[in-house]
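Accompanying notes for the structure given below.
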Number of protein chains: 2
Amino acid sequence: MVAESELNTGVLLFLPYRALENRVFAALADAGFDDFTPAQARVMQRIGPDGTRLTELAEQAQITKQTAGFLVDQLEKAGYVTRVPDPTDRRARLVCGAAKAHAAKEVADAVVAEVEREWEEHLGKRRMKQLREALTLLREITDPWA
Amino acid sequence: MVAESELNTGVLLFLPYRALENRVFAALADAGFDDFTPAQARVMQRIGPDGTRLTELAEQAQITKQTAGFLVDQLEKAGYVTRVPDPTDRRARLVCGAAKAHAAKEVADAVVAEVEREWEEHLGKRRMKQLREALTLLREITDPWA
DNA sequence: TGACATTGGTCAGAGTCTCTGACTACTTTG
DNA sequence: CAAAGTAGTCAGAGACTCTGACCAATGTCA
């Protein structure tokens with residue numbers, strides 16, 4: 001369990017992922033969205049346009065529903081999300097993104113687009129396309145929610 | 001900050017990364033290496049063959065040196081690493097992997113190789129090569145330590 | 001229909017991870 | 001040598017995550 005000279009594919013995937021996440025998080029903070037944490041963001045990211053149940057958020061983020069509940073509480077207090085009753089199941093409530101969340105998403109999307117442009121510039125159009133293609137294909141066997 | 005239908009490259013990178021990490025961690029636990037946490041593993045991974053300074057571990061893992069020190073303490077107690085004085089600087093100590101860490105690394109490497117085989121099978125030899133090529137190239141602009 | 005298992009969610013408590021700030025000891029620089 | 005920088009630790013606090021126990025609503029099926 002000690003580093004070796006050659007990098008495995010896992011590290012290779014992680015490095016650009018982290019670089020992107022750092023850029024997005026920094027831009028968000030610059031834009032005034034500095035009142036949520038990375039952990040909260042990872043949950044917020046997974047809220048669908050029509051709201052998403054807590055349990056589903058927990059599964060997709062691979063955390064327990066207790067943890068998800070804890071994080072959603074903070075997001076609710078900070079005004080990023082609201083909880084509304086699920087009309088189809090009286091046990092459940094839907095976590096919905098508030099206006100503040102959508103505003104933050106616009107900033108985040110812009111940065112992601114910018115970084116993707118930079119990557120494409122470095123890799124070239126062809127290789128960038130191949131990268132996305134391979135990753136999309138890989139999703140079939142690595143994403144339990146594909 | 002709410003999910004949309006199309007996946008950005010960040011998520012695309014993260015999904016296989018997480019899948020791989022989960023597999024490795026599960027295999028390690030199966031093999032009896034269940035006395036360290038993911039956070040500790042992320043530090044341990046970065047120890048070089050001749051030992052690495054705490055500060056350098058912290059930088060590469062993008063955590064503070066205090067946090068790194070905390071995690072190395074746990075790893076030391078569990079017998080995965082030792083701290084030896086750095087002969088070139090009396091302020092510093094080198095964190096070195098112990099036998100137990102090398103044994104764990106063997107297990108981890110085997111699983112990584114297995115997963116990479118599975119991915120290659122799914123993508124085809126050509127696309128897998130393109131994927132690694134693109135990621136390696138991307139490292140130039142996303143890895144501060146490249 | 002009515003017992004029983006399942007599912008969505010919460011409460012309580014504990015352990016782990018991470019940070020900021022302040023500090024000591026050693027090294028480098030001029 | 002004095003000043004500045006670097007390696008690491010200590011102390012304290014906040015954030016994240018888990019396990020276990022629990023309640024309420026839903027689904028299953030004899």
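Labels below follow one simple rule: chain letters A, B, ... track the order of the sequence lines, proteins then strands, and each chain is numbered from 1. Keep in mind it's a predicted model, so treat the numbers as computed, not measured.
- Atom pair A:Leu54:CG and D:dT17:P shows a separation of 13 Å (rounding to whole Å applied).
- Within the structure, every side-chain polar atom (N or O) of B:Thr67 is placed at least 4.0 Å from both OP1 and OP2 of C:dC17.
- Distance A:Asp73 CG to D:dT17 C1': 14 Å, rounded to the nearest Å.
- Below the 3.5 angstrom threshold, one finds no donor paired with an acceptor across the side chain of A:Glu56 and the base of C:dG8.
- Note: CZ (A:Arg53) to P (D:dA24) measures 19 Å, nearest angstrom.
- Between A:Ile63 and B:Ala92, the residue whose closest nucleotide on DNA chain D is further toward the 5' end is B:Ala92.
- Look at B:Thr55 and you'll find a side-chain N or O under 4.0 angstrom from OP1 or OP2 of D:dG8.
- C:dG9 atom C1' lies 13 Å from atom CG of A:Leu94, rounded to whole Å.
- Contact annotation for A:Glu59: no contact, since no heavy-atom pair falls under 4.0 Å across all strands.
- Electrostatic pairing of B:Asp109 and B:Lys105 counts as a salt bridge here, judged by a charged N lying under 4.0 Å from a carboxylate O.
- We find that B:Arg42 and B:Glu21 are joined by a salt bridge, their nearest charged nitrogen and carboxylate oxygen being less than 4.0 Å apart.
- Residues A:Thr9 and B:Arg132 bring a donor and an acceptor atom of their side chains to less than 3.5 Å of each other.
- Contact check on B:Arg18 versus A:Asp143 returns no salt bridge, with no Lys/Arg side-chain nitrogen under 4.0 Å from an Asp/Glu carboxylate oxygen.
- Within the 4.0 angstrom heavy-atom criterion, no nucleotide atom of any strand lies near B:Gln74.
- The side chain of B:Thr37 has C:dC17 as its nearest neighbour among C:dC17, C:dG9, D:dT9.
- For A:Phe36 and A:Phe25, the gap between ring centers is short of 6.0 Å.
- A:Asp86 places its CG atom 12 Å from the C1' atom of C:dT7, with the value rounded to the nearest Å.
- The phosphate of D:dC16 has neither OP1 nor OP2 within less than 4.0 Å of any side-chain N or O from A:Gln66.
- Look at CD on B:Gln40: it is 12 Å from C1' on C:dG15, rounded to the nearest Å.
- No side-chain donor from either of B:Glu76 and B:Tyr80 sits under 3.5 Å from a side-chain acceptor of the other.
- Across the protein-nucleic acid pair, B:Leu57 atom CG and D:dA7 atom C1' stand 12 Å apart, rounded to whole Å.
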Counting primed atoms plus P, OP1 and OP2 as sugar-phosphate and everything else as base, spell out the protein contacts along nucleotides 23-30 of chain C at 4.0 Å heavy-atom distance: B, S or - for each nucleotide, 5' to 3'. --BBS---
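- Dashed line: the shortest gap from a side-chain N or O of A:Thr64 to OP1 or OP2 of D:dC18 is under 4.0 Å.
- The distance from atom CZ of A:Phe70 to atom C1' of C:dG13 is 13 Å, rounded to the nearest whole Å.
- Around the CD atom of A:Glu118, the shell of radius 6.0 Å holds more than 12 heavy atoms that belong to other residues, nucleotides or ligands.
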